[in-house]
Amino acid sequence: SRQVTMTMKGPSGDVRWFPDGRRIAGFYFGSANGPGSIFILNAETGEIERNLQEDLMANYNVLDVSPDGKWLATGGNSSTVNLWDTESWKLAAKLEGHQRPLMAVRFHPDGNWLASSSSDSTIRIWDLATQRELRKLTDHQQPVTGLSWSADGSRLASACWDFTARVWDGSTGVFLREFRGHTARVANVHLSPDGTQLASAAGDGTFRVWDVASTPVVQTLDVQRRGSGLTAAWHPNGQRAVVTLDGRWSVWDVVRGKVV
């Protein structure tokens with residue numbers, strides 16, 4: 001195996017694998033006076049296949065790729081979720097309802113729903129067929145920074161500024177379990193492909209892996225630096241995760257707890 005490390009000109013934002021496991025959709029912030037850039041990275045070569053800065057001149061910092069790879073959902077300083085066609089890269093829909101900037105967007109595994117969270121402390125579930133809000137979760141009292149569905153859609157995980165991660169019933173929105181241990185705001189969360197583990201990344205500089213059924217920490221990976229820009233995403237095989245901080249990308253072997 002080999003390590004692919006990529007350095008961008010600016011802090012990194014959201015990062016997501018495409019379903020084929022060969023490409024990664026990523027984002028990094030631009031200058032104070034300009035937009036950031038959304039790009040598609042070849043995970044095997046480290047080369048950028050497509051840079052969307054010229055196509056999408058807007059201030060984005062959160063994104064997700066649909067299960068079939070045909071759609072890209074993006075959001076940022078506005079409260080609107082934008083849905084893009086990845087073949088034409090044209091805007092397909094605008095989902096409006098949040099009152100403050102978006103902090104996360106995540107497709108349901110079947111591709112029919114989309115979850116979004118915001119600094120307005122709400123989680124909203126959208127029906128993509130009707131492009132309407134299906135459900136709103138209002139239990140959080142602080143900004144909800146990250147979201148993740150389980151592979152079967154039965155669970156939805158969330159990250160919050162209160163240093164915790166939570167797991168909800170994906171169909172009803174009922175709160176199920178809370179995960180405590182981080183000593184700073186939790187930036188994002190990701191359920192493993194088999195749904196048995198939850199990965200969380202926080203401003204305390206740690207990437208933690210939790211047992212979903214019983215909540216104890218299985219593994220803690222310390223990146224040796226503090227920062228709210230720490231993000232992570234599982235590889236489809238469930239054994240690796242890509243972790244980013246301040247524009248630097250690394251691939252972790254979660255089973256062995258070390259950089260690949």
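Residue numbers count from 1 along this sequence. Predicted, not measured: the structure shown is a model, and the values here were computed from it.
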Check: Hey, are the side chains of Ile123 and Thr138 touching, using non-hydrogen atoms and a 4.5 Å cut-off?
Finding: no
Notebook entry, point to check: If we ignore angles and hydrogens, is there a donor and acceptor under 3.5 Å between the side chains of Thr122 and His140?
Noted result: no
Notebook entry, point to check: What do the steps show when you test Leu128 against Leu95 for side chain to side chain contact (heavy atoms under 4.5 Å, CB included), and what is the final call?
Noted result: CA-CA 9 Å; Leu128 298 181; Leu95 309 178; 4.1 Å; yes
Next item on the list: Without swapping roles, check the side chain of Ser119 against the backbone of Pro143 for a donor-acceptor pair under 3.5 Å.
Entry: no
Next item on the list: Tell me, with the steps shown, if Trp71 and Trp84 meet side chain to side chain contact (heavy atoms under 4.5 Å, CB included).
Entry: CA-CA 6 Å; Trp71 304 100; Trp84 305 88; over 6 Å; no
Notebook entry, point to check: Side chains of Leu72 and Val65: closer than 4.5 Å at any heavy-atom pair?
Noted result: yes
Check: Does a donor on one side chain and an acceptor on the other come within less than 3.5 Å for Trp210 and Ser200?
Finding: yes
Next item on the list: Please report the C-alpha distance between Met103 and Ser117 in whole Å, then the side-chain angles of each, then the deciding distance to 0.1 Å, and finally whether the side chain to side chain contact (heavy atoms under 4.5 Å, CB included) criterion is met.
Entry: CA-CA 6 Å; Met103 305 193 85; Ser117 67; 4.2 Å; yes
Next item on the list: Begin from the C-alpha positions of Asn42 and Glu49 and carry the test side-chain hydrogen bond (donor to acceptor under 3.5 Å, both in side chains) through to its verdict.
Entry: CA-CA 6 Å; Asn42 185 310; Glu49 295 184 353; 3.2 Å; yes
Margin query: If we ignore hydrogens and angles and just use 3.5 Å, is the side chain of Gln197 paired with the main-chain N or O of Gly195 as donor and acceptor?
Written below: no
Notebook entry, point to check: Would the number of heavy atoms belonging to other residues, nucleotides or ligands and lying under 6.0 Å from CZ of Arg22 be above 12?
Noted result: no
Next item on the list: Evaluate the side-chain proximity of Leu102 to Val81: yes if any heavy-atom separation is below 4.5 Å, no if none is.
Entry: yes
Note to self: Under a 3.5 Å distance rule, please check whether Ser118 uses its side chain to pair with a backbone N or O of Pro101 as donor and acceptor.
What the structure shows: yes
Notebook entry, point to check: Would a hydrophobic clustering, with Ile, Leu, Val, Met, Phe, Trp and Tyr connected at side-chain separations under 4.5 Å, put Val186 with Val212?
Noted result: yes
Next item on the list: Is it possible for you to say whether Leu156 and Leu134 belong to one hydrophobic cluster, with membership spreading through side-chain heavy-atom contacts below 4.5 Å?
Entry: yes
Check: Can you name the nearest heavy-atom pair linking Asp85 to Ser88, along with the distance?
Finding: OD1-N, 3.3 Å
Item checked: Beyond-backbone contact of His182 with Thr206, side-chain heavy atoms, under 4.5 angstrom -> yes
Checklist line | Student check: side-chain heavy atoms of Val167 and Phe179 closer than 4.5 Å | finding: yes
Checklist line | Side-chain (Asn82) to main-chain (Thr74) donor-acceptor, under 3.5 angstrom | finding: no
Notebook entry, point to check: Do NZ/NE/NH1/NH2 and the carboxylate oxygens of Glu96 and Lys94 come within less than 4.0 Å?
Noted result: no
Next item on the list: Find out if a path of hydrophobic residues (ILVMFWY) with successive side-chain heavy-atom gaps under 4.5 Å connects Phe107 to Trp126.
Entry: yes
Item checked: Closest heavy-atom pair and its distance - Thr164, Asp162 -> OG1-OD1, 2.6 Å
Checklist line | Which atom of His98 lies closest to which atom of Asp120, heavy atoms considered | finding: ND1-OD2, 3.1 Å
Next item on the list: Take Thr145 and Trp161, measure what side-chain hydrogen bond (donor to acceptor under 3.5 Å, both in side chains) needs, and give me the verdict at the end.
Entry: CA-CA 7 Å; Thr145 51; Trp161 275 12; 4.9 Å; no
Notebook entry, point to check: What heavy-atom pair brings Pro109 and Gly153 nearest, and what distance separates the two atoms?
Noted result: CG-N, 3.7 Å
Margin query: Can you tell me how far apart SG (Cys160) and CZ (Arg185) are? Round to the nearest 0.5 Å.
Written below: 9.5 Å
Item checked: Nearest-0.5 Å distance, CH2 of residue Trp149 to CG of residue Leu191 -> 11.0 Å
Check: What heavy-atom pair brings Arg155 and Asp169 nearest, and what distance separates the two atoms?
Finding: NH1-OD2, 4.0 Å
Next item on the list: Taking all heavy atoms of Gly26 and all of Leu63, pick out the closest pair and write down the distance.
Entry: O-CD2, 3.8 Å
Next item on the list: Report the relative orientation of the aromatic rings in Phe175 and Trp168; use parallel for angles under 30°, tilted for 30 to 60°, perpendicular for over 60°.
Entry: perpendicular
Checklist line | Ser158 OG to Asn188 CG distance, which is reported to the nearest 0.5 Å | finding: 12.0 Å
Note to self: Can you tell me how far apart CG (Asp127) and CG (Asn112) are? Round to the nearest 0.5 Å.
What the structure shows: 7.5 Å
Notebook entry, point to check: So do the side chains of Lys136 and Ile125 get within less than 4.5 Å of each other, counting heavy atoms only?
Noted result: no
Next item on the list: Assess whether side chain to side chain contact (heavy atoms under 4.5 Å, CB included) is satisfied between Val189 and Leu198, documenting all intermediate values.
Entry: CA-CA 7 Å; Val189 288; Leu198 175 69; 3.9 Å; yes
Checklist line | From Phe18 atom CZ to Ser66 atom OG, the distance as rounded to the nearest 0.5 Å | finding: 8.0 Å
Check: Atom CG of Asp68 and atom OG1 of Thr86: how far apart are they, to the nearest 0.5 Å?
Finding: 8.0 Å
Check: Is it true that a side-chain atom of Arg124 and a backbone atom of Ala115 form a donor plus acceptor pair closer than 3.5 Å?
Finding: no
